[in-house]
Amino acid sequence: MKIDSVATGPYYVNTYIVPLCGNDVFVVDPADCLYSEDRFSVVKRLQEKNLNPVAVILTHGHFDHVSGIKDFKSEYPEVPLLIHRADAAFIGPMSKDLQEKSLAAIPFLNFLSTVTDLPSPDGFLEEGKTLAALDVFSSCTQGTRDALSEWEIISTPGHTPGSICLYNQVQKLLISGDTLFYMAYGRTDLPLGDEAQLTKSIASLHRIVHPDALVYPGHEYYGFPFGENGF
């Protein structure tokens, strides 16, 4: 089974359903919501394929990547929600404060109610660890933990302080969030963005990621070789 993608939310986020072992998968950046009239589209995809989500992983906390987590957790309350600690303020009961600053900069404040009072994280993504090393996966089957051990967490601050990428060296796959797109990289003009940090983050990816690795970014075209990017 290959990585599946569902375009979700008003900004057409690439929500990824990533296969592990058997029917187990993890979900990246669900953004489907009532506002964009695609509410529960990720849940429906999972149910249609009889898939079992073991985690929701957020590549960062921006409004367009987290707008589906409340509905997702209502359907799968036991599935852990994971984000980097530096972006934790984008979700949880105080999410309105930081989300409002980002939305005001666009402006897109009529979306604020969708990203207010979001679920709190159940765990944190830590630089240099594999997903299997996180406590929330301790009850998974051995096969699923083995598959999770192939996914390394890479901290890539710049787009936001807690932006991360997930790299699978064995399968040569990179889930890059909004750090890196095809022939482009993430914006840094929203609150907490940092151009210099993002430049360093992209340089670090070039030291780590194989040029043939296929890239799965947060928006638009995906599945292109990392070496074609040009950055």
Side-chain angles (χ1 to χ4, degrees), residues 7-16 28-29 31 57-67 69 82-92 94-109 111-112 114-115 118 121 124-129 151-168 173-211 213-231:
T8 63
Y11 280 65
Y12 302 104
V13 166
N14 290 331
T15 297
Y16 296 117
V28 179
D29 293 347
I57 295 176
L58 301 177
T59 61
H60 63 292
H62 276 159
F63 61 90
D64 55 328
H65 287 250
V66 304
S67 52
I69 62 174
L82 307 174
I83 193 170
H84 192 283
R85 196 179 297 273
D87 269 18
F90 280 102
I91 62 175
M94 302 301 291
S95 59
K96 178 182 178 181
D97 296 342
L98 190 50
Q99 297 292 358
E100 186 171 17
K101 293 177 182 178
S102 297
L103 289 166
I106 297 181
F108 189 30
L109 282 172
F111 195 65
L112 182 58
T114 305
V115 289
L118 294 174
F124 296 105
L125 304 167
E126 299 179 45
E127 162 71 19
K129 285 191 174 183
W151 288 98
E152 179 186 355
I153 302 160
I154 304 174
S155 178
T156 54
H159 182 63
T160 65
S163 288
I164 62 98
C165 294
L166 296 174
Y167 180 46
N168 190 316
L173 301 170
L174 178 71
I175 297 172
S176 62
D178 283 5
T179 294
L180 194 68
F181 306 115
Y182 181 66
M183 302 301 289
Y185 53 87
R187 64 190 296 174
T188 56
D189 58 333
L190 296 179
L192 305 183
D194 188 313
E195 183 84 16
Q197 274 197 322
L198 183 57
T199 299
K200 291 179 181 178
S201 293
I202 293 172
S204 72
L205 289 177
H206 279 279
R207 293 191 293 270
I208 298 168
V209 179
H210 194 283
L214 300 182
V215 182
Y216 290 80
H219 300 271
E220 300 181 343
Y221 177 46
Y222 59 87
F224 57 89
F226 180 77
E228 283 187 5
N229 192 274
F231 293 103

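Residues F226 and L205 have side chains in contact (heavy-atom distance under 4.5 Å, counting atoms from C-beta outward). With a 4.5 Å cut-off on side-chain heavy atoms, Y11 and H219 count as touching. Using a 4.5 Å cut-off on side-chain heavy atoms (C-beta onward), I91 and L58 make contact. Side chains of W151 and L173 form a contact here, defined as non-hydrogen atoms less than 4.5 Å apart. Side chains of I175 and I57 form no contact here, defined as non-hydrogen atoms less than 4.5 Å apart. With a 4.5 Å cut-off on side-chain heavy atoms, D194 and P157 do not count as touching. D64 places none of its side-chain heavy atoms less than 4.5 Å from the side chain of D29.
In plain terms, the two heavy atoms of I208 and Y167 that are nearest each other are O-CE2, 3.7 Å. A pairwise comparison of heavy atoms in G61 and D87 identifies N-OD2, 3.0 Å as the closest pair. Listed here is the closest heavy atom pair of Y216 and G223: CZ-CA, 4.3 Å. The two atoms that bring L109 and A104 nearest to each other are CD2-N, 3.9 Å, heavy atoms only. Scanning both residues, E228 and M183, for their nearest heavy atoms gives O-SD, 3.3 Å. Counting all heavy atoms, side chain and backbone alike, P217 lies closest to S176 at CA-OG, 3.2 Å.
Considering OH of Y221 and CG of N14, their distance stands at 12.0 Å, rounded to 0.5 Å. Expressed to the nearest 0.5 Å, how far NE2 of H159 lies from CG of L192 amounts to 11.0 Å. Of the inter-residue distances, the one linking Q99 atom CD with L112 atom CG reads 8.0 Å to the nearest 0.5 angstrom. Atoms CG and NE2, from N168 and H210 in turn, are 13.0 Å apart once rounded to the nearest 0.5 Å. Here the OG1-CG distance, from T59 to L82, works out to 12.5 Å after rounding to the nearest 0.5 Å. Rounding to the nearest 0.5 Å places CD1 of I153 at 6.5 Å from CD1 of I164.
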Original post:
Checking side-chain contact (heavy atoms from CB on, under 4.5 Å) for the pair K129/E152: CA distance, chi angles, key distance, verdict?
Top reply: CA-CA 6 Å; K129 285 191 174 183; E152 179 186 355; over 6 Å; no
Original post:
How far apart are the C-alpha atoms of I202 and L198, what are their side-chain angles, what is the distance that settles it, and do they pass the side-chain contact (heavy atoms from CB on, under 4.5 Å) test?
Top reply: CA-CA 6 Å; I202 293 172; L198 183 57; 4.1 Å; yes
Original post:
So I154 and L166, side-chain contact (heavy atoms from CB on, under 4.5 Å) or not? Walk me through it.
Top reply: CA-CA 6 Å; I154 304 174; L166 296 174; over 6 Å; no
**OP:** Please test V215 against V209 for side-chain contact (heavy atoms from CB on, under 4.5 Å), starting from the C-alpha separation and ending with a verdict.
**Re:** CA-CA 10 Å; V215 182; V209 179; 5.9 Å; no
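Judged by distance alone, the side chain of T156 and the main-chain N or O of S201 form no donor-acceptor pair under 3.5 Å. When atom types are taken as modelled, the side chain of T188 and the backbone of G158 share no donor-acceptor pair closer than 3.5 angstrom. Proximity of a side-chain donor or acceptor of S67 to a complementary backbone N or O of A31 within less than 3.5 Å is detected.
With 3.5 Å as the limit, one finds a donor-acceptor pair spanning the side chains of S163 and T160. In the model, D178 has no side-chain atom that pairs as donor or acceptor with a side-chain atom of H62 under 3.5 Å.
By the 6.0 Å contact criterion, CZ on F124 is enclosed, its count of non-hydrogen atoms from other residues, nucleotides or ligands being greater than 12. Around the CD atom of E127, the shell of radius 6.0 Å holds more than 12 heavy atoms that belong to other residues, nucleotides or ligands. Atom OH of Y222 sits in a sparse spot, with 12 or fewer heavy atoms from other residues, nucleotides or ligands closer than 6.0 Å.
The aromatic rings of F111 and F63 sit perpendicular to each other, their planes meeting at more than 60°, with 30° as the lower class boundary.
With sequence neighbours excluded, no residue forms a salt bridge (charged side-chain N to carboxylate O under 4.0 Å, His left out) with E195. H84 pairs by the ring-ring contact (aromatic ring centres under 6.0 Å, His included) definition with nothing, not counting sequence neighbours.
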